Number of protein chains: 2
Amino acid sequence: MIDFDQLDKTIHEKGRLSIMTLLAGRAGWSFQDLKQELGMSDGNLITHLRTLAAAGYTEEKKDGTGSRPRTTYHLTAAGKLAFEEYLDVLESIVKTLRPD
Amino acid sequence: MIDFDQLDKTIHEKGRLSIMTLLAGRAGWSFQDLKQELGMSDGNLITHLRTLAAAGYTEEKKDGTGSRPRTTYHLTAAGKLAFEEYLDVLESIVKTLRPD
DNA sequence: CAAATAACTTTGTGAAACAAAGTTATTTGT
DNA sequence: ACAAATAACTTTGTTTCACAAAGTTATTTG
(Lines give C-alpha, C1' and ligand atoms only; values in the text may rest on other atoms or scores of the structure.)
Protein backbone atom coordinates (compact mmCIF):
# COMPACT_ATOMS: atom_id res chain seq x y z
CA MET A 1 0.00 0.00 0.00
CA ILE A 2 0.92 3.63 -0.07
CA ASP A 3 2.91 4.97 2.82
CA PHE A 4 1.64 8.49 3.18
CA ASP A 5 3.84 9.09 6.19
CA GLN A 6 6.78 8.87 3.84
CA LEU A 7 5.55 11.99 2.06
CA ASP A 8 8.27 14.36 3.23
CA LYS A 9 6.59 17.61 4.13
CA THR A 10 9.66 19.64 3.33
CA ILE A 11 9.59 18.40 -0.22
CA HIS A 12 5.87 18.10 -0.68
CA GLU A 13 5.06 21.80 -0.57
CA LYS A 14 4.30 22.93 -4.10
CA GLY A 15 7.02 25.55 -4.38
CA ARG A 16 9.71 23.34 -2.96
CA LEU A 17 8.60 20.34 -4.99
CA SER A 18 9.01 22.49 -8.07
CA ILE A 19 12.49 23.54 -6.98
CA MET A 20 13.53 20.01 -6.12
CA THR A 21 12.25 18.77 -9.46
CA LEU A 22 14.22 21.39 -11.35
CA LEU A 23 17.39 20.77 -9.34
CA ALA A 24 17.03 17.03 -9.83
CA GLY A 25 16.61 17.50 -13.56
CA ARG A 26 19.87 19.32 -14.02
CA ALA A 27 22.49 20.71 -11.68
CA GLY A 28 23.51 24.30 -11.34
CA TRP A 29 20.40 26.43 -11.42
CA SER A 30 21.02 30.08 -10.62
CA PHE A 31 18.71 32.12 -8.43
CA GLN A 32 17.56 34.05 -11.47
CA ASP A 33 16.84 30.95 -13.52
CA LEU A 34 14.76 29.46 -10.73
CA LYS A 35 12.96 32.73 -10.19
CA GLN A 36 12.09 33.08 -13.84
CA GLU A 37 11.12 29.45 -14.32
CA LEU A 38 8.90 29.41 -11.27
CA GLY A 39 7.63 32.95 -11.26
CA MET A 40 8.27 33.37 -7.57
CA SER A 41 9.08 36.52 -5.68
CA ASP A 42 12.62 36.86 -4.37
CA GLY A 43 11.50 36.54 -0.79
CA ASN A 44 9.44 33.47 -1.40
CA LEU A 45 12.11 31.75 -3.45
CA ILE A 46 14.93 32.42 -1.03
CA THR A 47 12.80 31.24 1.85
CA HIS A 48 12.12 27.94 0.12
CA LEU A 49 15.79 27.57 -0.75
CA ARG A 50 16.69 28.24 2.88
CA THR A 51 14.16 25.68 4.06
CA LEU A 52 15.61 23.09 1.73
CA ALA A 53 19.15 23.99 2.75
CA ALA A 54 18.21 23.77 6.44
CA ALA A 55 16.95 20.26 5.79
CA GLY A 56 20.31 19.47 4.20
CA TYR A 57 18.72 18.85 0.81
CA THR A 58 20.40 21.63 -1.15
CA GLU A 59 23.57 23.62 -1.10
CA GLU A 60 24.79 26.70 -2.88
CA LYS A 61 27.99 27.24 -4.77
CA LYS A 62 29.37 30.69 -5.30
CA ASP A 63 31.10 31.38 -8.56
CA GLY A 64 34.36 32.35 -7.00
CA THR A 65 35.95 35.09 -9.05
CA GLY A 66 34.95 37.84 -6.66
CA SER A 67 32.61 38.95 -9.40
CA ARG A 68 28.94 39.71 -9.14
CA PRO A 69 27.38 36.99 -7.07
CA ARG A 70 26.22 34.20 -9.30
CA THR A 71 25.15 31.55 -6.87
CA THR A 72 24.12 28.19 -8.19
CA TYR A 73 21.99 25.73 -6.30
CA HIS A 74 22.48 21.99 -6.17
CA LEU A 75 21.03 18.93 -4.53
CA THR A 76 23.10 17.28 -1.84
CA ALA A 77 23.40 13.52 -1.54
CA ALA A 78 20.83 13.64 1.24
CA GLY A 79 18.59 15.73 -0.96
CA LYS A 80 18.81 13.25 -3.80
CA LEU A 81 18.03 10.40 -1.46
CA ALA A 82 15.08 12.17 0.14
CA PHE A 83 13.74 13.08 -3.25
CA GLU A 84 14.08 9.51 -4.48
CA GLU A 85 12.04 8.36 -1.53
CA TYR A 86 9.50 11.03 -2.25
CA LEU A 87 9.31 9.89 -5.86
CA ASP A 88 8.71 6.36 -4.63
CA VAL A 89 5.52 7.58 -3.02
CA LEU A 90 4.43 9.43 -6.14
CA GLU A 91 5.10 6.35 -8.20
CA SER A 92 3.13 4.13 -5.88
CA ILE A 93 0.19 6.53 -6.02
CA VAL A 94 0.25 6.61 -9.79
CA LYS A 95 0.73 2.87 -10.10
CA THR A 96 -2.02 2.13 -7.62
CA LEU A 97 -4.48 4.25 -9.55
CA ARG A 98 -3.20 3.75 -13.04
CA PRO A 99 -2.00 0.22 -13.33
CA ASP A 100 -0.72 -0.21 -16.86
CA MET B 1 7.95 20.26 -19.43
CA ILE B 2 6.19 20.03 -16.14
CA ASP B 3 3.33 22.41 -15.51
CA PHE B 4 3.57 23.11 -11.82
CA ASP B 5 0.70 25.57 -12.00
CA GLN B 6 -1.53 22.62 -12.75
CA LEU B 7 -0.78 21.21 -9.29
CA ASP B 8 -4.19 21.75 -7.74
CA LYS B 9 -3.59 23.16 -4.29
CA THR B 10 -6.79 21.70 -2.93
CA ILE B 11 -5.61 18.23 -3.79
CA HIS B 12 -1.92 18.69 -3.21
CA GLU B 13 -2.02 19.10 0.55
CA LYS B 14 -0.76 15.92 2.12
CA GLY B 15 -3.86 15.06 4.10
CA ARG B 16 -6.23 15.70 1.23
CA LEU B 17 -3.99 13.93 -1.26
CA SER B 18 -4.15 10.92 1.00
CA ILE B 19 -7.93 11.13 1.18
CA MET B 20 -8.30 11.58 -2.56
CA THR B 21 -6.03 8.64 -3.20
CA LEU B 22 -8.05 6.41 -0.92
CA LEU B 23 -11.37 7.55 -2.37
CA ALA B 24 -10.06 7.06 -5.90
CA GLY B 25 -8.89 3.56 -5.01
CA ARG B 26 -12.27 2.36 -3.92
CA ALA B 27 -15.62 4.02 -3.35
CA GLY B 28 -17.48 4.19 -0.09
CA TRP B 29 -15.03 4.94 2.66
CA SER B 30 -16.63 5.69 5.99
CA PHE B 31 -15.44 8.44 8.28
CA GLN B 32 -14.08 5.84 10.67
CA ASP B 33 -12.21 3.95 7.98
CA LEU B 34 -10.56 7.12 6.75
CA LYS B 35 -9.72 8.19 10.26
CA GLN B 36 -8.14 4.88 11.10
CA GLU B 37 -6.28 4.53 7.83
CA LEU B 38 -4.88 8.04 7.99
CA GLY B 39 -4.47 8.47 11.73
CA MET B 40 -6.08 11.89 11.70
CA SER B 41 -8.02 13.62 14.42
CA ASP B 42 -11.75 14.02 13.87
CA GLY B 43 -11.44 17.75 13.50
CA ASN B 44 -8.66 17.59 11.00
CA LEU B 45 -10.31 14.90 8.93
CA ILE B 46 -13.70 16.56 8.76
CA THR B 47 -12.09 19.85 7.83
CA HIS B 48 -10.29 18.25 4.91
CA LEU B 49 -13.46 16.47 3.85
CA ARG B 50 -15.31 19.79 3.98
CA THR B 51 -12.61 21.47 1.94
CA LEU B 52 -12.85 18.77 -0.69
CA ALA B 53 -16.62 18.93 -0.67
CA ALA B 54 -16.56 22.71 -1.01
CA ALA B 55 -14.39 22.27 -4.11
CA GLY B 56 -17.01 19.88 -5.44
CA TYR B 57 -14.57 16.98 -5.40
CA THR B 58 -16.33 14.76 -2.90
CA GLU B 59 -19.79 14.06 -1.64
CA GLU B 60 -21.23 12.14 1.22
CA LYS B 61 -23.92 9.53 1.22
CA LYS B 62 -25.92 8.78 4.33
CA ASP B 63 -26.96 5.22 4.92
CA GLY B 64 -30.59 5.98 4.97
CA THR B 65 -32.29 3.67 7.48
CA GLY B 66 -32.53 6.33 10.16
CA SER B 67 -29.93 4.30 11.92
CA ARG B 68 -26.68 5.44 13.47
CA PRO B 69 -25.06 7.77 11.00
CA ARG B 70 -22.82 5.78 8.73
CA THR B 71 -21.76 8.33 6.20
CA THR B 72 -19.69 7.22 3.28
CA TYR B 73 -17.56 9.50 1.19
CA HIS B 74 -17.19 9.40 -2.55
CA LEU B 75 -15.52 11.24 -5.37
CA THR B 76 -17.73 13.28 -7.65
CA ALA B 77 -17.21 13.38 -11.40
CA ALA B 78 -15.45 16.71 -10.97
CA GLY B 79 -13.30 15.19 -8.26
CA LYS B 80 -12.29 12.33 -10.48
CA LEU B 81 -11.42 14.69 -13.28
CA ALA B 82 -9.42 17.01 -11.08
CA PHE B 83 -7.57 14.09 -9.60
CA GLU B 84 -6.77 12.69 -13.02
CA GLU B 85 -5.24 16.02 -13.96
CA TYR B 86 -3.31 16.02 -10.74
CA LEU B 87 -2.04 12.53 -11.49
CA ASP B 88 -0.93 13.75 -14.89
CA VAL B 89 1.43 16.13 -13.15
CA LEU B 90 2.73 13.43 -10.83
CA GLU B 91 3.30 11.18 -13.78
CA SER B 92 5.19 13.82 -15.68
CA ILE B 93 7.40 14.49 -12.67
CA VAL B 94 8.18 10.81 -12.27
CA LYS B 95 8.71 10.29 -15.98
CA THR B 96 10.92 13.33 -16.28
CA LEU B 97 13.17 12.14 -13.49
CA ARG B 98 12.87 8.40 -13.96
CA PRO B 99 12.66 7.73 -17.65
CA ASP B 100 12.37 3.99 -18.05
C1' DC C 1 29.55 58.33 -11.04
C1' DA C 2 24.80 56.51 -11.88
C1' DA C 3 21.95 52.84 -12.83
C1' DA C 4 21.26 48.15 -12.92
C1' DT C 5 21.69 43.64 -11.21
C1' DA C 6 22.28 39.50 -7.85
C1' DA C 7 21.26 37.81 -3.79
C1' DC C 8 19.60 38.46 -0.24
C1' DT C 9 16.74 40.31 4.64
C1' DT C 10 12.86 42.25 6.90
C1' DT C 11 8.24 42.86 7.75
C1' DG C 12 3.56 41.98 7.63
C1' DT C 13 -0.69 39.63 6.31
C1' DG C 14 -3.58 36.04 5.76
C1' DA C 15 -4.54 31.35 5.44
C1' DA C 16 -4.45 26.90 6.90
C1' DA C 17 -3.08 22.54 9.38
C1' DC C 18 -3.87 20.31 13.43
C1' DA C 19 -5.28 18.87 18.09
C1' DA C 20 -8.34 18.73 21.94
C1' DA C 21 -12.52 18.95 23.75
C1' DG C 22 -17.33 19.58 23.51
C1' DT C 23 -22.08 18.44 21.01
C1' DT C 24 -25.98 15.73 19.18
C1' DA C 25 -28.13 11.70 17.97
C1' DT C 26 -28.41 6.90 17.82
C1' DT C 27 -27.52 2.21 19.31
C1' DT C 28 -25.82 -1.55 22.05
C1' DG C 29 -25.07 -3.87 26.50
C1' DT C 30 -26.88 -5.26 30.98
C1' DA D 1 -34.91 1.32 30.99
C1' DC D 2 -30.66 3.32 31.75
C1' DA D 3 -25.68 3.78 30.95
C1' DA D 4 -22.02 3.57 28.01
C1' DA D 5 -20.35 3.64 23.57
C1' DT D 6 -20.19 5.19 18.96
C1' DA D 7 -20.63 8.26 14.59
C1' DA D 8 -20.25 12.43 12.86
C1' DC D 9 -19.71 16.27 13.62
C1' DT D 10 -18.55 21.71 15.69
C1' DT D 11 -15.84 24.88 18.24
C1' DT D 12 -11.80 26.84 19.82
C1' DG D 13 -7.16 27.91 19.94
C1' DT D 14 -2.36 27.42 18.72
C1' DT D 15 1.19 27.54 15.61
C1' DT D 16 3.10 27.22 11.45
C1' DC D 17 3.82 28.85 6.91
C1' DA D 18 3.27 30.68 2.21
C1' DC D 19 3.72 34.78 -0.05
C1' DA D 20 4.39 39.62 -1.42
C1' DA D 21 6.47 44.06 -1.09
C1' DA D 22 9.99 46.75 -0.03
C1' DG D 23 14.44 47.61 1.73
C1' DT D 24 19.71 46.23 1.95
C1' DT D 25 24.44 45.24 0.40
C1' DA D 26 27.76 44.45 -2.91
C1' DT D 27 29.27 44.34 -7.47
C1' DT D 28 29.33 45.57 -12.28
C1' DT D 29 28.18 47.87 -16.48
C1' DG D 30 27.12 52.19 -19.19
Side-chain angles (χ1 to χ4, degrees), chain A residues 4-23 27-55 57-74 86 89, chain B residues 4-23 27-74 82 86 89:
Chain A
F4 293 110
D5 290 334
Q6 210 187 343
L7 259 186
D8 188 331
K9 238 190 154 180
T10 301
I11 297 177
H12 188 63
E13 194 278 328
K14 185 173 172 172
R16 290 190 296 272
L17 173 58
S18 307
I19 294 171
M20 291 290 286
T21 303
L22 293 179
L23 293 186
W29 287 78
S30 72
F31 190 90
Q32 292 306 315
D33 288 348
L34 290 172
K35 185 181 160 187
Q36 187 166 3
E37 181 74 22
L38 301 170
M40 284 183 193
S41 66
D42 283 25
N44 196 18
L45 176 54
I46 198 72
T47 299
H48 284 317
L49 287 171
R50 292 269 167 276
T51 300
L52 291 171
Y57 292 170
T58 61
E59 62 185 353
E60 43 189 65
K61 286 178 186 161
K62 308 273 186 184
D63 261 13
T65 58
S67 68
R68 168 181 300 173
R70 178 77 63 156
T71 313
T72 57
Y73 296 87
H74 307 257
Y86 180 84
V89 183
Chain B
F4 294 111
D5 289 335
Q6 210 189 342
L7 261 184
D8 188 331
K9 240 190 152 179
T10 301
I11 298 177
H12 188 64
E13 195 278 328
K14 184 173 172 172
R16 289 191 297 272
L17 174 57
S18 307
I19 294 171
M20 290 291 286
T21 303
L22 294 179
L23 293 187
W29 287 78
S30 72
F31 190 90
Q32 293 305 316
D33 288 347
L34 290 172
K35 184 180 160 187
Q36 185 164 3
E37 181 75 22
L38 300 170
M40 283 184 194
S41 65
D42 283 26
N44 195 18
L45 177 53
I46 198 72
T47 299
H48 284 316
L49 288 170
R50 292 269 167 278
T51 300
L52 291 170
Y57 292 170
T58 62
E59 62 186 352
E60 43 190 65
K61 285 178 188 161
K62 310 272 186 184
D63 262 13
T65 58
S67 68
R68 167 181 301 175
R70 177 78 62 155
T71 312
T72 55
Y73 296 87
H74 306 257
Y86 181 85
V89 182

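The analysis underlying the following values was restricted to heavy atoms, covering all of them including side chains, and did not include hydrogens, waters or symmetry mates. In what follows, chains carry the letters A, B, and so on, assigned in the order in which the sequence lines appear, proteins first and then strands, with residues in each chain numbered from 1. Because the structure is predicted, anything quoted here is derived from the model rather than measured.
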If I take atom [atom1] in residue [X] and atom [atom2] in nucleotide [N], what distance separates them, rounded to the nearest angstrom?
{"X": "B:Leu45", "N": "C:dA19", "atom1": "CG", "atom2": "C1'", "value": "13 Å"}
{"X": "B:His12", "N": "C:dA15", "atom1": "NE2", "atom2": "P", "value": "20 Å"}
{"X": "B:Met40", "N": "C:dA20", "atom1": "CE", "atom2": "P", "value": "15 Å"}
{"X": "B:Lys14", "N": "C:dA16", "atom1": "NZ", "atom2": "P", "value": "19 Å"}
{"X": "B:Leu38", "N": "C:dA17", "atom1": "CG", "atom2": "P", "value": "14 Å"}
{"X": "A:Asp42", "N": "C:dT9", "atom1": "CG", "atom2": "P", "value": "11 Å"}
{"X": "B:Leu49", "N": "C:dC18", "atom1": "CG", "atom2": "C1'", "value": "14 Å"}
{"X": "A:Asn44", "N": "C:dA15", "atom1": "CG", "atom2": "P", "value": "16 Å"}

Is any side-chain heavy atom of [Y] closer than 4.5 Å to one of [X]?
{"X": "B:Thr72", "Y": "B:Trp29", "answer": "no"}
{"X": "B:Asn44", "Y": "B:Leu38", "answer": "no"}
{"X": "B:Thr58", "Y": "B:Ile19", "answer": "no"}

State which of [options] makes the closest approach to the side chain of [X].
{"X": "A:Arg16", "options": "D:dT10, C:dA17, D:dA18", "value": "D:dA18"}
{"X": "A:His48", "options": "C:dT9, D:dA18, D:dA20", "value": "D:dA18"}
{"X": "A:Glu13", "options": "C:dC8, D:dC19, C:dA7", "value": "D:dC19"}
{"X": "B:Thr71", "options": "D:dA8, C:dA7, C:dT9", "value": "D:dA8"}
{"X": "A:Ile46", "options": "D:dC19, C:dA21, C:dT9", "value": "C:dT9"}

Do any N or O atoms from the side chain of A:Arg16 and from the backbone of A:His48 form a donor-acceptor pair under 3.5 angstrom?
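Flag not set: sc A:Arg16 to bb A:His48 has no pair under 3.5 Å.
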Are any of [X]'s side-chain N or O atoms less than 4.0 Å away from OP1 or OP2 of [N]?
{"X": "B:Gln32", "N": "D:dT6", "answer": "no"}
{"X": "B:Tyr73", "N": "D:dA7", "answer": "no"}
{"X": "B:Thr51", "N": "C:dA16", "answer": "no"}

Position toward the 5' end of DNA chain C (nearest nucleotide), B:Lys9 or A:Phe31
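Nearest-nucleotide comparison on DNA chain C picks A:Phe31.
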When both hydrogen-bonding distances must be under 3.5 Å and the geometry is Watson-Crick or G-U wobble, what is D:dA26 paired with, if anything?
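D:dA26 is paired, partner C:dT5.
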Quick check: on DNA chain D, is the nucleotide nearest B:Ser30 upstream (toward 5') of the one nearest B:Thr47, or the reverse? Name the residue that is more 5'.
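Its nearest nucleotide being more 5', the pick is B:Ser30.
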Determine the interplanar angle of the A:His12 and B:His12 rings, folded into 0 to 90°, and report it as parallel if under 30°, tilted if 30 to 60°, perpendicular if over 60°.
parallel
